[in-house]
Amino acid sequence: MGINGNIEFMPENDQGISPASERGPWNKKMVKMLYKALARGETETIARLVAADLEWWYHGPPQCQHMMKILTGESRHREFKFKPRSIMAIGDRVIMEGWDRGLKAYWVHVWTLEEDMIVQFREYFNTWLTVLLRVSDTGDEIPVWQSEHRQRLKRSLPDLVLAF
């Protein structure tokens, strides 16, 4: 049972679990469920969505490790509210992006899912991110996602590249 009591954790599919490339919509739905559960303080739902041994990586100012503090229970969602402005799924990863102009805070979260469980979390705070996809046949890398346009946020931040 999901957040509203009627959301299943397994997609309805006659052929079983879809390949990772077809799981994008389901993975996006799961990550959206996580943000809703975090906002409501639903610890049981969070525990069903996030692996107990979640791999975590952070880049940004030390005082801005908000999501990990929320996931560990050190902080409540009320202290810093993550309001995603965009979401994109790329294979087994889901990228969430948001900003708070008043706090001058810009963030990107990259969640990795395996077998309907969030197993990895990368948090980039006040950092521009470009995501590249490595093509297995040629070894070439093509850009598949980039942080919000700089002029819109009127900020100068460090750049990072993440390759899948």
Side-chain angles (χ1 to χ4, degrees), residues 2 7-39 45-46 48-62 64-68 70-71 80 82-101 104-164:
I7 298 174
E8 297 287 326
F9 278 93
M10 291 299 296
E12 297 297 323
N13 185 337
D14 293 337
Q15 298 146 356
I17 296 176
S18 304
S21 62
E22 297 174 11
R23 305 250 332 136
W26 178 250
N27 289 345
K28 282 171 63 171
K29 186 175 185 176
M30 289 190 64
V31 173
K32 286 180 183 180
M33 290 168 52
L34 174 66
Y35 281 82
K36 288 179 185 176
L38 289 167
T45 302
I46 296 165
R48 284 194 303 261
L49 293 170
V50 178
D53 60 346
L54 177 70
E55 181 184 332
W56 173 69
W57 191 86
Y58 175 80
H59 184 273
C64 297
Q65 296 179 25
H66 301 293
M67 181 58 82
M68 201 56 186
I70 293 169
L71 289 172
F80 185 91
F82 287 102
K83 295 179 185 175
R85 306 291 174 116
S86 71
I87 181 171
M88 180 178 186
I90 302 170
D92 62 352
R93 292 178 177 91
V94 176
I95 302 169
M96 302 287 277
E97 174 185 42
W99 56 90
D100 184 320
R101 290 186 198 275
K104 294 185 179 181
Y106 172 75
W107 54 268
V108 177
H109 293 161
V110 181
W111 304 92
T112 303
L113 290 90
E114 291 178 3
E115 299 176 11
D116 293 328
M117 178 71 63
I118 296 169
V119 296
Q120 184 184 73
F121 171 57
R122 293 178 178 256
E123 183 173 23
Y124 303 89
F125 210 91
N126 288 340
T127 303
W128 299 115
L129 185 66
T130 299
V131 177
L132 302 176
L133 182 63
R134 187 167 291 128
V135 181
S136 60
D137 295 341
T138 63
D140 293 336
E141 295 176 338
I142 55 172
V144 293
W145 188 88
Q146 195 165 25
S147 291
E148 178 66 33
H149 196 269
R150 294 169 193 254
Q151 282 75 25
R152 182 170 177 183
L153 296 178
K154 298 179 175 114
R155 302 279 316 271
S156 176
L157 300 172
D159 288 301
L160 279 179
V161 174
L162 176 63
F164 296 157

Which atom names give the shortest non-hydrogen contact between [X] and [Y], and what distance separates them?
X      : Y      : value
Leu54  : Val119 : CD1-C, 3.5 Å
Gln120 : Glu55  : NE2-OE2, 3.0 Å
Leu132 : Glu141 : CD1-OE1, 3.5 Å
Tyr35  : His109 : OH-ND1, 2.6 Å

Just wondering, do [Y] and [X] contact through their side chains at under 4.5 Å, heavy atoms?
X      : Y      : answer
Val108 : Glu123 : no
Phe80  : Cys64  : no
Met96  : Val31  : yes

(message) Nearest 0.5 angstrom please: Met33 CE to Met30 CE, how far?
(response) 6.5 Å
(message) Determine whether a donor-acceptor pair (N or O, by modelled atom type, separation under 3.5 Å) exists between the side chain of Ser147 and the backbone of Leu129.
(response) yes
(message) Quick check against the 3.5 Å criterion: does Asn126 have a side-chain atom that pairs as donor or acceptor with the backbone of Tyr106?
(response) yes
(message) Applying side-chain contact (heavy atoms from CB on, under 4.5 Å) to Ile90 and Trp145, what does each step give before you reach the verdict?
(response) CA-CA 9 Å; Ile90 302 170; Trp145 188 88; 4.3 Å; yes
(message) Against Trp107, only a single residue in Tyr58, Trp99, Phe82 fulfils ring-ring contact (aromatic ring centres under 6.0 Å, His included); can you say which?
(response) Phe82
(message) Assess whether a salt bridge exists between Glu97 and Arg85, defined as any Lys/Arg side-chain N lying under 4.0 Å from an Asp/Glu carboxylate O.
(response) no
(request) If the plane angle is over 60° it's perpendicular, under 30° parallel, otherwise tilted; pick one for His59 and Tyr124. (result) tilted
(message) Can you see whether Trp26 engages Asp116 through a side-chain donor-acceptor pair at a distance of less than 3.5 angstrom?
(response) yes
(message) Just checking Glu114: does its CD atom have more than 12 heavy atoms from other residues, nucleotides or ligands closer to it than 6.0 angstrom?
(response) no
